[in-house]
Amino acid sequence: KAIRRQRQMCKETGGNCGHPYSFFRWLPIADTRRGAEIEQELLTHGIRVYHSDRFLSGHHEDARYLRIALSTVDTEETLSRGLEILRQYAQV
């Protein structure tokens, strides 16, 4: 399941590939708003993500990411719909 979902994310986000056995990916975004604000906005579209701000410790990097869980949806079709919304949002 992990390999299949990784391949799907790689294909649907334009080559944003990761370790083939990982159940999550980091999607780079250009949005500079606070992470909580971005998370809440995406939640209104039915997508729960975690912004990289949640994981910061110490120095703050300029790069921003959304942590995308690949195993929390039931079907590949649901994942595909979510990735389409995220791709448009992140402008990948």
(message) Please find the pair of heavy atoms, one from W26 and one from Y65, that lie closest to each other, and give the distance.
(response) CE3-CB, 3.6 Å
(request) Output, in order, the C-alpha distance, side-chain angles, deciding distance and verdict of side chain to side chain contact (heavy atoms under 4.5 Å, CB included) for L83 and I68. (result) CA-CA 9 Å; L83 290 173; I68 311 301; 4.3 Å; yes
(message) So which atom in S52 and which in A63 form the shortest heavy-atom distance, rounded to 0.1 Å?
(response) OG-O, 4.4 Å
(request) Could you tell me the separation between the CD atom of E37 and the CG atom of D53, rounded to the nearest 0.5 Å? (result) 11.0 Å
(message) L66 and side-chain contact (heavy atoms from CB on, under 4.5 Å): which single residue from L42, I47, D31 fits?
(response) L42
(request) Quick one: list whatever passes side chain to side chain donor-acceptor pair (under 3.5 Å) with T78, sequence neighbours left out. (result) T75, R81
(message) Would R67 pass as a cation-pi partner of F24, given that its NZ or CZ must be under 6.0 Å from the six-membered ring centre and within 45 degrees of the axis?
(response) yes
(message) If hydrophobic clusters are built by linking Ile, Leu, Val, Met, Phe, Trp and Tyr wherever their side-chain heavy atoms come under 4.5 Å apart, do I85 and V73 end up in the same one?
(response) yes
(request) Measure the spacing between CZ of R33 and NE2 of H51 and express it to the nearest 0.5 Å. (result) 9.0 Å
(message) Nearest 0.5 Å, please: how far is CG in L27 from CZ in R64?
(response) 14.5 Å
